[in-house]
Novice: 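Below is the structure I would like to discuss, written out as structure tokens.
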Amino acid sequence: MKKPLLFVGLLLLVLPLMSQSRKYIKAMKPAVETMHSALDAANELELAGIFEEISGTYPDQWLPAYHAGRILTVNSFVETDMKKKEALLERAKKSLDMALELVPDESEVQVLNALYYIGLMSTDPETMGPAYYQDALDAIEKSKNLNPGNPRAWYMDGMMTMNMPEFLGGGPEAAKPAFQEAMNKFGTFRNEDPFWPDWGKDLVQTELERMK
């Protein structure tokens, strides 16, 4: 009699978790598919809002927060209105903090961390650059150490190096090896999670084409 009761008890515990997982997948699948489409800035920001909602509904999942944070940060780079730029970065920071709290030692989240610092630096390069430059470098180095096979970590390394003054060891030629390493790693990087970050290969290709 104990075994059937134990089975029923386990079933009652597992079924809600399975239902929660199905709902999460159902919410994420169309959002990620939309993210892979060609979107304008307005649609991207709308999509970021969807990821923020999913993140709020499933606070134990870091990928919705990651995707929201990345979209918001990237859009802050092209926003010319300073108040809007800062508002985007404030939203991005909330999503980044959620992801960092859940998986601080995830290489992809450290890539996002570096991207966010670069976003802050772009608001006022003369004052914010010196303030957050080392933080961005530290996040990139941590990302590479956590997963040396992560191509996005090497892409970020290349971008930081390329934008450093040549007298400090930066510039296109100095950055080229990191971009080449990123491209090599895009050829071998695999993750079975369908919602995993997969951006960056086209950006690396663009940078390498410019260097020819």
Side-chain angles (χ1 to χ4, degrees), residues 13-14 16-32 34-36 44-77 79 84-123 128-129 131-157 159-160 189-200:
L13 288 172
V14 170
L17 294 176
M18 291 175 62
S19 175
Q20 186 85 343
S21 177
R22 285 196 296 268
K23 289 178 181 177
Y24 168 71
I25 292 170
K26 188 176 180 180
M28 282 289 284
K29 190 172 185 293
V32 170
T34 300
M35 184 173 63
H36 292 157
E44 281 194 340
L45 292 179
E46 183 178 342
L47 181 60
I50 292 172
F51 279 121
E52 286 174 316
E53 289 179 8
I54 297 173
S55 180
T57 304
Y58 303 95
D60 59 333
Q61 299 287 341
W62 66 271
L63 281 167
Y66 170 93
H67 291 309
R70 187 191 68 82
I71 292 170
L72 292 165
T73 303
V74 169
N75 273 268
S76 77
F77 292 135
E79 178 56 64
K84 291 181 179 179
K85 182 189 285 281
E86 290 174 349
L88 288 171
L89 287 169
E90 285 178 10
R91 286 173 61 188
K93 182 67 163 61
K94 291 179 182 178
S95 291
L96 170 62
D97 286 346
M98 289 182 69
L100 282 170
E101 184 176 351
L102 289 168
V103 284
D105 292 330
E106 169 52 57
S107 175
E108 301 287 3
V109 173
Q110 289 301 324
V111 167
L112 179 60
N113 198 16
L115 191 67
Y116 170 75
Y117 282 126
I118 294 170
L120 286 180
M121 290 161 61
S122 74
T123 61
M128 302 293 269
Y132 294 106
Y133 177 76
Q134 190 60 50
D135 291 316
L137 285 181
D138 290 345
I140 291 169
E141 196 61 27
K142 185 173 183 179
S143 177
K144 288 166 62 179
N145 289 335
L146 288 168
N147 183 1
N150 182 355
R152 281 163 288 279
W154 291 89
Y155 164 70
M156 294 297 294
D157 187 357
M159 289 301 294
M160 286 294 289
F189 184 84
R190 299 289 182 274
N191 190 286
E192 298 303 316
D193 191 326
F195 307 141
W196 200 264
D198 68 349
W199 61 272

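Heads up: numbering here begins at 1 and tracks the sequence. Note: hydrogens, waters and symmetry copies are ignored here, and every other heavy atom, side chains too, is used. Source: prediction; values computed, not measured.
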Novice: How many angstroms lie between OH in Tyr117 and CG in Leu112, if you round to the nearest 0.5 Å?
Specialist: 11.0 Å
Novice: Is there a donor-acceptor pair closer than 3.5 Å between any side-chain N or O of Asn75 and the backbone N or O of Ile71?
Specialist: yes
Novice: Please check if the side chain of His67 supplies one atom and the backbone of Phe195 the other of a donor-acceptor pair under 3.5 Å.
Specialist: yes
Novice: Side-chain contact, heavy-atom cut-off 4.5 Å: Met35 with Trp199?
Specialist: no
Novice: Where the side chain of Thr123 meets the backbone of Leu120, is there a donor-acceptor pair that is under 3.5 Å apart?
Specialist: yes
Novice: Please give me the minimum heavy-atom distance between Gly119 and Leu89, naming the atom from each residue.
Specialist: O-CD1, 3.6 Å
Novice: Is a side-chain donor or acceptor of Gln110 paired with a backbone partner of Ile140 at a separation under 3.5 angstrom?
Specialist: no
Novice: What I'd like to find out is whether the side chain of Val74 reaches to under 4.5 Å of the side chain of Leu115, using heavy atoms alone.
Specialist: yes
Novice: Under the criterion salt bridge (Lys or Arg N to Asp or Glu O under 4.0 Å), which of Arg152, Lys142, Arg70 is the partner of Glu108?
Specialist: Arg152
Novice: Nearest 0.5 angstrom please: Tyr24 OH to Asp60 CG, how far?
Specialist: 8.5 Å
Novice: Tell me yes or no: between the side chains of Ser107 and Asn147, is some donor less than 3.5 Å from an acceptor?
Specialist: no
Novice: Does the distance from a Lys or Arg side-chain N to an Asp or Glu carboxylate O, for Lys93 and Asp97, drop under 4.0 Å?
Specialist: yes
Novice: Can you tell me how far CZ of Phe51 sits from CG of Leu63, rounded to the nearest 0.5 angstrom?
Specialist: 9.0 Å
Novice: Determine the minimum heavy-atom distance between Met160 and Leu137, stating which atoms define it.
Specialist: CE-CD2, 3.8 Å
Novice: From Gln61 CD over to Ser21 OG, what is the distance, rounded to the nearest 0.5 angstrom?
Specialist: 7.5 Å
Novice: Would you confirm whether Ser143, through its side chain, and Ala139, through its main-chain N or O, come within 3.5 Å as a donor-acceptor pair?
Specialist: no
Novice: Checking Lys144 side chain against Ala153 main chain: does a donor-acceptor pair fall under 3.5 Å?
Specialist: no
Novice: Check whether any side-chain heavy atom of Pro64 sits under 4.5 Å from a side-chain heavy atom of Met98, and report yes or no.
Specialist: no
Novice: Between Trp154 and Pro148 (side chain of the first, backbone of the second, donor and acceptor by atom type, cut-off under 3.5 Å), is there such a pair?
Specialist: yes
Novice: Kindly indicate whether the side chain of Ile118, heavy atoms from C-beta on, has any atom under 4.5 Å from the side chain of Phe77.
Specialist: yes
Novice: In Å, rounded to the nearest 0.5 Å, how long is the span from CD of Glu90 to CG of Leu88?
Specialist: 9.5 Å
Novice: Under 3.5 Å, side chain of Ser55 to main-chain N/O of Glu52, donor-acceptor pair present?
Specialist: no
Novice: Just by distance, do the side chain of Asn113 and the backbone of Val109 share a donor-acceptor pair under 3.5 Å?
Specialist: no
Novice: Restricting to non-hydrogen atoms, name the atom on Ala136 and the atom on Ala114 that form the minimum distance, rounded to 0.1 Å.
Specialist: O-CB, 3.8 Å
Novice: If you compare all heavy atoms of Ala92 against all heavy atoms of Gly69, which two are closest, and at what distance to 0.1 Å?
Specialist: CB-O, 3.8 Å
Novice: First locate atom CG of Leu72, then atom CD of Glu79, and finally report the distance between them rounded to the nearest 0.5 Å.
Specialist: 12.0 Å
Novice: What is the minimum heavy-atom distance between Gly129 and Met121, and which atoms define it?
Specialist: CA-CG, 3.8 Å
